[in-house]
Asks: 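Mind having a look at this structure? Questions to follow.
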Amino acid sequence: MRRKKVVLQCSCNFMRAGLEALIKDTDLSVSLDIVDSSGDFSECEDILNILPVVNLVILTVCSRDYNLTSLLQLVGERLPKMHPNSKVVLIGDMADVNPLKCYFRGLRNVSIILNKAITLDELSRELLSTTENKEPSFGKSSSMLTPRELEVLRMLLEGDTARKIADDLKLNFRTVSHHKRAALAKLGIRSLCPLVNLMGKRKYNKSASPWERVLGQVSL
């Protein structure tokens, strides 16, 4: 069986090393092959833009050091253009997992969203499932977000008003409002509040993660 080519992004060196060890030194190595890894989104995007083939992208999204709009741009807009058939695994803080599931369930390429406190055995099973072309465990919305809906949401989250977005995109104000309502309906939420709250979180957890325990080290 041909191994799937994996790109890994994680800002925490301990967690990244733990994930690399989990994939390279266990049975997962039969199915997955890490072709590159990085510590931030911009570097990860550069890597994705250069590599000819990427089947799986693993992104860790700790609330203290990621920006929701940049995540949206990478996962929702740029990655589908660079690698249309790639799948994305998001690993986040416990408090962020449900909002992330709500936010990304409208994206076809997001395969799994996991709590970073997941056990190593559970993580291995979930990563293995990405090789079997299963439906995402968090379910899909009835329709996918369009590029324009993604763009409008991103601009709203960056603080632009609907009027400014209409001017910048040369759209009617009512058209922008329509795109906003349609996107929120597909995400299963009534307002931007859950997404704004998610962007505003900056929690820091000093407890050891499963990946750090793989290495026998604790991040301080």
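Position 1 is the first residue of the sequence; numbering continues from there.
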Asks: Are any non-hydrogen side-chain atoms of K87 and T130 less than 4.5 angstrom apart?
Replies: no
Asks: Looking at R154 and E158, is any side-chain nitrogen of the basic one under 4.0 Å from a carboxylate oxygen of the acidic one?
Replies: yes
Asks: For S124, enumerate each residue passing the side chain to side chain contact (heavy atoms under 4.5 Å, CB included) test, keeping only those at least two apart in sequence or located in another chain.
Replies: L22, L28
Asks: Should F41 and L51 be counted in the same cluster of Ile, Leu, Val, Met, Phe, Trp and Tyr side chains packed under 4.5 Å apart?
Replies: yes
Asks: Which pairs pass side chain to side chain donor-acceptor pair (under 3.5 Å) with one or both residues in residues 19-28, sequence neighbours excluded?
Replies: E20-S37
Asks: First locate atom CG of L157, then atom CG of L153, and finally report the distance between them rounded to the nearest 0.5 Å.
Replies: 6.0 Å
Asks: Of all residues at least two apart in sequence or in a different chain, which pass the side chain to side chain contact (heavy atoms under 4.5 Å, CB included) check with N85?
Replies: none
Asks: Listed by chain and number, what are the salt bridge (charged side-chain N to carboxylate O under 4.0 Å, His left out) partners of D33, not counting sequence neighbours?
Replies: R3
Asks: Who are the salt bridge (charged side-chain N to carboxylate O under 4.0 Å, His left out) partners of E43, not counting sequence neighbours?
Replies: none
Asks: For C10, is there any backbone N or O sitting under 3.5 Å from a side-chain donor or acceptor partner on S38?
Replies: no
Asks: Can you confirm whether Q9 sits close enough to T60 that some side-chain heavy atom of one is under 4.5 Å from a side-chain heavy atom of the other?
Replies: yes
Asks: Report yes or no: does N49 contribute a side-chain atom to a donor-acceptor pair with the main-chain N or O of M82 at less than 3.5 Å?
Replies: no
Asks: Under the rule for side chain to side chain donor-acceptor pair (under 3.5 Å), what residues qualify as partners of R148, not counting sequence neighbours?
Replies: E151
Asks: Is there a path of hydrophobic side-chain contacts, each under 4.5 Å between heavy atoms of I, L, V, M, F, W or Y residues, that connects F173 with V152?
Replies: no
Asks: Considering residues at least two apart in sequence or located in another chain, which fulfil the salt bridge (charged side-chain N to carboxylate O under 4.0 Å, His left out) criterion with R181?
Replies: none
Asks: Counting C-beta onward and ignoring hydrogens, is there a side-chain heavy-atom pair between M155 and L169 closer than 4.5 Å?
Replies: yes
Asks: Applying side chain to side chain donor-acceptor pair (under 3.5 Å), name anything that partners D46, two or more places apart in sequence or on another chain.
Replies: none
Asks: Applying side chain to side chain donor-acceptor pair (under 3.5 Å), can you list everything that pairs with S42, at least two apart in sequence or on another chain?
Replies: D40
Asks: What's the spacing between I113 CD1 and I91 CD1 if we round to 0.5 Å?
Replies: 11.0 Å
Asks: Residues two or more places apart in sequence or in another chain: which of them pass salt bridge (charged side-chain N to carboxylate O under 4.0 Å, His left out) with R78?
Replies: E45
Asks: Return the minimal non-hydrogen interatomic distance between P80 and N109, and the atom names on each side.
Replies: CG-ND2, 3.9 Å
Asks: For R174, give me all partners under side chain to side chain contact (heavy atoms under 4.5 Å, CB included), at least two apart in sequence or on another chain.
Replies: N172
Asks: Roughly how far, to the nearest 0.5 Å, is the CD1 atom of I34 from the CG atom of L8?
Replies: 5.5 Å
Asks: Rounded to the nearest 0.5 Å, how far does CG of L114 lie from NZ of K116?
Replies: 13.0 Å
Asks: Do L59 and C44 have side-chain heavy atoms sitting under 4.5 Å apart?
Replies: yes
